[in-house]
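Order of the sequence lines sets the chain letters (A, B, ...), proteins ahead of strands, with each chain counted from 1.
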There are 2 protein chains.
Amino acid sequence: MDKRYLRSIRLLSECMQLFEKASSKRVRALGFTDSQFDIIATLGNTAGMTCKELGEKTLITKGTLTGVLDRLEAKGIIQRERGADRRQLFIKLTEFGEHQFQLSFPEVVNDGRRAFSAYTQTDFTILEEQLMKLKDTLSSHLD
Amino acid sequence: MDKRYLRSIRLLSECMQLFEKASSKRVRALGFTDSQFDIIATLGNTAGMTCKELGEKTLITKGTLTGVLDRLEAKGIIQRERGADRRQLFIKLTEFGEHQFQLSFPEVVNDGRRAFSAYTQTDFTILEEQLMKLKDTLSSHLD
DNA sequence: TATTGTTATACTCTATAACTATA
DNA sequence: TATAGTTATAGAGTATAACAATA
């Protein structure tokens, strides 16, 4: 059994861990949990989406999502609006939420920008190429 | 402000999400939580380590770690042993835990192997090269 | 005094299943 | 009947700070 792929997975996971550790610290300092920020970042720069869509993008199951959205609504970050199909709810950032997004998102990802300061455009191109290939492979072979 | 790095981060995160979704499902089916499996995988093929080390590797803070270890100990997966410095505890897999690791680890990562079935040795080399470069960059510029 | 790990607290996330209202 | 989202429940992870034992 060829285990070479394990090295790639481990590297992938280590990169993600490094990035998440830094961003999680920022997010926490801003008064959000990782799940809450995940929602905010997903809703940012969109016209909003249904709970179903939001759950699929963030991997948060619907039962859990209600609670996370409740807390974000209590903070005035998001709002729920009935859709045409009256079973659906459209979730979107409030004006205040949009403001928070514009304010906090760059702060959270700014560490990332600094981290990549040594990358050239060519470096990015090669990295993106490999990650896209990886993503396609994983998409078509997992689940 | 150059935002090109955001694309790389997003791709990285999407790859990780795909992989974690699949592995989380397996782990859950085996009766473990992600944190618990993280501990098991970290302790597997080692002689054990202190809580401090284990916490650093898994990013689980010490207060939380005690609870996770309690539940793994109750399941007979891990054991705590006093070290030479009697403030420290060495955490290691029990014989049963080692058995569970040998049994479950391949099952969890097997999806990964399948996912990479189309990768050639050259593909792996290039991917690993890019991920190592990324890891080095993130390591030296974050935190 | 500093370090290692535990305890205590309060909150958040999680899975799951039953439920309501729409369709 | 099927779908979208909520509610209910029990368990698990989380941050934080105070604590005990040891160094």
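The phosphate of D:dG5 (OP1 or OP2) has no side-chain N or O of A:Arg82 nearer than 4.0 angstrom. Remark: A:Thr64 is not in phosphate contact with C:dT14, judged by side-chain N or O atoms under 4.0 Å from OP1 or OP2. At the phosphate of D:dT6, OP1 or OP2 sits under 4.0 Å from a side-chain N or O atom of A:Arg80. Contact annotation: A:Thr33 side-chain N/O to D:dA15 OP1/OP2 distance is not under 4.0 Å. Remark: B:Gln88 is not in phosphate contact with D:dA21, judged by side-chain N or O atoms under 4.0 Å from OP1 or OP2.
Remark: P of C:dT20 and NZ of A:Lys62 are 14 Å apart, rounded to the nearest angstrom. Taking atom CZ of residue B:Phe32 and atom C1' of nucleotide D:dA12, one finds them 15 Å apart after rounding to whole Å. What separates CG of B:Asp70 from C1' of C:dT6 is a distance of 9 Å, to the nearest Å.
Annotation: of the two residues near DNA chain C, A:Thr61 and B:Phe90, the 5′-most nearest-nucleotide partner is B:Phe90. Each of A:Ser24 and A:Leu89 was matched to the nucleotide of DNA chain D holding its nearest heavy atom; the match closer to the 5' end belongs to A:Leu89.
The main-chain N or O of A:His99 is never found under 3.5 Å from a side-chain atom of A:Gln102 such that the two would form a donor-acceptor pair. For A:Thr46 (side chain) and A:Gly48 (main-chain N/O), a donor-acceptor pair under 3.5 Å exists by modelled atom type.
Salt bridge status for A:Glu56 with A:Lys52: present, with a side-chain N to carboxylate O gap under 4.0 Å.
A distance of 8.5 Å separates CD in B:Glu53 from CD in B:Gln88, rounded to the nearest 0.5 Å.
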